[in-house]
Amino acid sequence: HVQLVESGGGSVQAGGSLRLSCAVSVSSANDYCLGWFRQASGKEREWVGSLDSDGRINYADSVKGRFTISKDNRKNMVYLQMNSLIPEDTAMYYCGVDTGAPPEDLDSWVQWIDSWGQGTQVTVS
């Protein structure tokens with residue numbers, strides 16, 4: 001089983017930065033893939049970026065070049081550094097874990113996530 005807790009959200013002006021954190025608690029040594037997702041009000045939840053079990057990182061086109069995923073294995077933390085924020089980034093941000101293999105099309109990955117955190121709100125004005 002996996003427990004995920006997001007933090008670091010807030011309200012910022014356009015052009016500002018935030019760093020989100022996801023504390024990961026995993027009960028087994030099985031491989032898993034972690035992704036960052038966001039859901040704007042009235043919209044479907046969408047994939048933002050991912051870190052697979054081999055350490056490969058991918059980003060959605062909408063955030064590529066602005067967002068960066070990193071991790072601290074000692075602290076069991078995964079981070080989403082968000083720079084050059086724009087109002088379209090306003091959403092509830094979630095980390096999620098898939099204990100299976102992610103799909104080739106990561107834009108559809110959200111439907112296969114096994115465990116979600118509670119989310120942290122990001123508002124850009």
Side-chain angles (χ1 to χ4, degrees):
H1 296 281
V2 178
Q3 183 175 356
L4 307 169
V5 180
E6 303 96 332
S7 61
S11 181
V12 298
Q13 294 288 99
S17 298
L18 285 172
R19 176 174 288 183
L20 307 184
S21 300
C22 178
V24 183
S25 178
V26 182
S27 62
S28 76
N30 292 337
D31 290 341
Y32 66 91
C33 300
L34 185 143
W36 283 99
F37 304 81
R38 66 187 182 186
Q39 187 168 17
S41 180
K43 302 293 184 64
E44 298 288 331
R45 190 169 299 186
E46 65 177 348
W47 169 70
V48 172
S50 58
L51 175 68
D52 70 19
S53 59
D54 295 322
R56 292 174 56 89
I57 299 174
N58 291 285
Y59 302 98
D61 288 342
S62 59
V63 306
K64 191 175 298 183
R66 300 188 297 119
F67 291 10
T68 303
I69 293 172
S70 61
K71 60 182 174 66
D72 185 332
N73 290 328
R74 180 174 57 84
K75 296 181 178 180
N76 294 320
M77 298 286 287
V78 180
Y79 304 99
L80 181 66
Q81 178 67 46
M82 306 185 296
N83 298 326
S84 301
L85 286 162
I86 57 177
E88 289 75 15
D89 296 319
T90 296
M92 185 75 75
Y93 283 71
Y94 301 87
C95 53
V97 164
D98 185 357
T99 56
E104 293 185 2
D105 180 11
L106 289 168
D107 289 320
S108 67
W109 192 27
V110 62
Q111 61 190 304
W112 312 120
I113 295 297
D114 298 308
S115 301
W116 295 102
Q118 84 289 343
T120 185
Q121 178 68 39
V122 172
T123 301
V124 185
S125 61

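Please read all numbers here as calculations on a predicted model, not as lab measurements.
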Test side chain to side chain contact (heavy atoms under 4.5 Å, CB included) on D89 and R66; report intermediate values, then the result. CA-CA 11 Å; D89 296 319; R66 300 188 297 119; 2.7 Å; yes

Under a 4.5 Å side-chain heavy-atom rule over Ile, Leu, Val, Met, Phe, Trp and Tyr, are [X] and [Y] clustered together?
{"X": "M77", "Y": "L51", "answer": "no"}
{"X": "Y93", "Y": "L106", "answer": "no"}
{"X": "L20", "Y": "I86", "answer": "no"}
{"X": "V12", "Y": "L80", "answer": "yes"}

Would you please test E46 and V110 for side chain to side chain contact (heavy atoms under 4.5 Å, CB included) and show each step? CA-CA 7 Å; E46 65 177 348; V110 62; over 6 Å; no

In Å, rounded to the nearest 0.5 Å, how long is the span from [atom1] of [X] to [atom2] of [Y]?
{"X": "N58", "Y": "R56", "atom1": "CG", "atom2": "CZ", "result": "6.0 Å"}
{"X": "W47", "Y": "I113", "atom1": "CH2", "atom2": "CD1", "result": "11.0 Å"}
{"X": "Q111", "Y": "R45", "atom1": "CD", "atom2": "CZ", "result": "13.0 Å"}
{"X": "D107", "Y": "D61", "atom1": "CG", "atom2": "CG", "result": "7.5 Å"}
{"X": "I57", "Y": "L34", "atom1": "CD1", "atom2": "CG", "result": "10.5 Å"}

Mind checking whether [X] and [Y] have side chains closer than 4.5 Å, heavy atoms only?
{"X": "S7", "Y": "T120", "value": "no"}
{"X": "D114", "Y": "V97", "value": "no"}
{"X": "K71", "Y": "V24", "value": "no"}
{"X": "F67", "Y": "L18", "value": "no"}
{"X": "V122", "Y": "R38", "value": "no"}
{"X": "Q121", "Y": "T90", "value": "yes"}
{"X": "S125", "Y": "Q13", "value": "yes"}
{"X": "V63", "Y": "M82", "value": "no"}

Should we say atom CD of E44 is surrounded by more than 12 heavy atoms from elsewhere, each under 6.0 Å from it? no

Are any side-chain N or O atoms of [X] and backbone N or O atoms of [Y], one a donor and one an acceptor, separated by less than 3.5 Å?
{"X": "E6", "Y": "C95", "answer": "yes"}
{"X": "Y59", "Y": "I69", "answer": "yes"}
{"X": "D52", "Y": "D54", "answer": "yes"}

Shortest non-hydrogen contact from S84 toward S17: N-OG, 4.3 Å

Minimal non-hydrogen separation, P102 against C33, with atom names: CD-SG, 3.7 Å

Pairing residues for S53 by the side chain to side chain contact (heavy atoms under 4.5 Å, CB included) criterion, not counting sequence neighbours: D31

Kindly assign one of parallel, tilted or perpendicular to the pair F37 and W109, based on the angle between their ring planes and the thresholds 30° and 60°. tilted

Kindly assign one of parallel, tilted or perpendicular to the pair W116 and Y94, based on the angle between their ring planes and the thresholds 30° and 60°. perpendicular

